[in-house]
Amino acid sequence: MHQKNENGTFTSKIGFVLAAVGSAVGMGNIWMFPYRTGQYGGAAFLIPYLLFIALFGYVGLSGEFAFGRMTGTGPIGSYEFAMKSRGKRGGAILGTIPLLGSLGIAIGYAIIVGWVLRSAFGALTGSLMSTEPEQFFTEMSSTNFSSVPWHTLVILLTAAVLIFGVSGGIEKINKVMMPAFFILFIIIAVRVAFLPNAIEGYKYLLVPQWEYLFNPRTWIMAMGQAFFSLSITGSGMIIYGSYLPRNEDVVHSSCMTALLDTCAAMLAGFAILPSVFAFGLDPASGPKLLFITLPRVFQQMPFGRLFAFFFFISVLFAGITSLANMLEAVSEAAQTRLKLSRKAAVLLSCGAALAVGLFIERDTLMGTLMDVITIYVVPIGAILGAVMAYWVLGIDKMEQELMNGRSKPLSRAFAPLAKYVYIFLAALVVFFSFIIPGGIG
């Protein structure tokens, strides 16, 4: 079953887990999770969220990892393999859908990470601290081609990581960037705890409003947040799974990834919300929380320039590691389908992301693309991945793969959870993402 890949494997369990966490931790953890938690009942929201994280990590994330490891390739090859196991064609075409989702997100994501890099530089030089945040954000997001150097540098940094391969690039950079991300956010969280009125931020995040548990929308939003927070897209985690040695316990690695991803989301909440409340600003300001609300906070707090730099550098680390996963899936497809060398495939995929991104840098155009991809394409890719693994390929073959490297038997509940509960919930994610304005992830 297993195809030989030319990109090598992860050399350690911690390297693989940190790479998976690097893929999962992104803007959704940093700006969406904190304010969504407050919007939907504080600690009450955490109950359905943690339930969905546990389920999706156990059967969803482990399914994508095992699917990739079994086939030794990305979504196109994996879906093709699953369909051929049933004597059917069309798997490669279906596998293109989540791959396009990864490329589409990468195009918009690179622009946003470029803004993050520019903001970090602005904090370092002091220009971010001396300019009105709205003006600073407008100049970098709405002025034609004003952020090209930063956008290009982000793509070049990502390409450099990918060219060095799985163990020499992806694994090594995540071993540095992910611990640095957690350390820097802990430093920021400790500092903001001493700000006046910071307690209101903790109340917003942690004081339970139990009545929200009776609101179906709370459960829907918790489900969407959990699903997409783990980066279950039918693409990126499959490709990382294809680089996983066969003696690794996939289920344990998946649970560790889910745990650390949740820790990152909570840490972001503790670092951001108390500072926002300390200065009486809006915690639900959406993506502009990063580029308008928080810079205003840093401008008003002691040593704000230093903490602004720490903050944007840590977000940059999360952005680069996520971007590397998206473009790795695209690069691997170019390697296997177009018969390119790794370097050529990386340059092609990164070049394509940059070329398209340059013409949609204005935040309105980029936002439109990201909405289409995240609301429609990515959810469809995610449900396709789940169906391909647990229904087309089959639960028996998946359980056999999951037992490789594992001494403890899978729970008897695993099969029904994966084949029925998880698939049903994944279908609901697609349904609600289509009908709720702005999506749910």
Side-chain angles (χ1 to χ4, degrees), residues 17-37 49 53 56-57 60-61 64 98 101-117 119-120 154-155 157-158 161 170 173-174 177-182 184-185 224-237 239-240 257-269 271-272 286-291 294 311-330 353 357 366-367 369-371 373-375 377-379 381-382 439-441:
V17 170
L18 287 176
V21 172
S23 171
V25 173
M27 303 302 168
N29 297 73
I30 294 169
W31 70 263
M32 183 182 288
F33 172 80
Y35 89 75
R36 182 169 281 182
T37 300
Y49 175 75
I53 282 285
F56 296 157
L61 201 54
E64 291 206 354
S102 290
L103 179 58
I105 295 176
I107 290 168
Y109 214 82
I111 297 170
I112 298 173
V113 179
W115 297 346
V116 171
L117 179 58
S119 298
V154 164
I155 291 287
L157 288 171
T158 307
V161 171
I170 296 171
I173 203 68
N174 276 281
M177 286 188 172
M178 278 297 97
F181 169 87
F182 280 98
L184 289 172
F185 255 95
Q225 182 70 29
F227 199 86
F228 293 110
S229 178
L230 292 176
S231 198
I232 302 175
T233 63
S235 179
M237 292 309 194
I239 193 60
Y240 273 8
T257 300
L259 175 63
L260 290 175
D261 178 71
T262 304
C263 288
M266 291 298 297
L267 186 56
I272 293 172
K288 293 182 180 179
L289 172 70
L290 292 182
F291 301 109
L294 286 174
F311 175 79
F312 284 110
I313 284 295
S314 61
V315 176
L316 176 67
F317 290 166
I320 291 291
T321 53
S322 294
L323 197 56
N325 174 262
M326 301 168 200
L327 289 174
E328 174 62 22
V330 181
M366 186 274 294
L369 171 69
M370 292 292 275
D371 284 346
I373 296 296
T374 58
I375 294 173
V377 181
V378 170
I440 64 173

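Only heavy atoms go into these numbers, but all of them, side chains included; no hydrogens, no water, no symmetry mates.
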For a quick test of reading the model, state the closest non-hydrogen atom pair linking Ala265 to Phe33 and the distance between them.
O-CD2, 3.3 Å
Hey, could you give me the CG/CG distance between Leu267 and Leu260, rounded to the nearest 0.5 Å?
11.5 Å
If you measure from CE on Met32 to CG on Leu289, what distance do you get to the nearest 0.5 Å?
11.5 Å
Between Asp261 (side chain) and Thr257 (backbone), is there a donor-acceptor pair under 3.5 Å?
no
Tyr49 side chain to Thr262 backbone, donor-acceptor under 3.5 Å
no
Who passes ring pair (Phe, Tyr, Trp, His ring centres under 6.0 Å) against Tyr240, sequence neighbours left out?
Phe10
Note: Met370 and Ile112 closest approach over all heavy atoms is CE-CD1, 4.4 Å
Please report the interatomic distance CD1(Ile30) to CZ(Phe311), rounded to the nearest 0.5 Å.
6.0 Å
Could you state the interatomic distance from CZ (Phe182) to SG (Cys263), rounded to the nearest 0.5 Å?
6.5 Å
Could you tell me whether the side chain of Met326 reaches within less than 4.5 Å of the side chain of Leu323, counting heavy atoms only?
yes
At their closest point, which heavy atom of Gly319 faces which heavy atom of Val113, and how far apart are they?
CA-CG2, 3.8 Å
Nearest 0.5 Å, what's the CG-CG distance between Leu316 and Leu157?
7.5 Å
Least distance between heavy atoms, Ile53 atom then Ala258 atom:
CG2-CB, 4.0 Å
Look up atom OG in Ser231 and atom CD in Glu64, then write down how far apart they are to the nearest 0.5 Å.
8.0 Å
Which atom pair, heavy atoms only, marks the closest approach of Leu294 to Leu290?
CB-O, 4.0 Å
Does the Ser322 side chain pair with the main chain of Ala24, one donor and one acceptor, at a distance under 3.5 Å?
no
Ser102: partners by side chain to side chain donor-acceptor pair (under 3.5 Å), with sequence neighbours left out
Ser235
Should Phe291 and Val116 count as side-chain neighbours, where that means a heavy-atom distance under 4.5 Å?
yes
Evaluate the criterion side chain to side chain contact (heavy atoms under 4.5 Å, CB included) for residue pair Met27 and Val315; output intermediate values, then yes/no.
CA-CA 8 Å; Met27 303 302 168; Val315 176; 3.9 Å; yes
What's the shortest heavy-atom distance between Asn29 and Ala268, and which atoms?
O-CB, 3.6 Å
Can you tell if the side chain of Leu18 reaches within under 4.5 Å of the side chain of Met177, non-hydrogen atoms only?
no
Using side-chain hydrogen bond (donor to acceptor under 3.5 Å, both in side chains) as the criterion, point out the one residue from Asn325, Thr321, Asn174 that pairs with Ser23.
Asn325
If the plane angle is over 60° it's perpendicular, under 30° parallel, otherwise tilted; pick one for Trp31 and Tyr35.
parallel
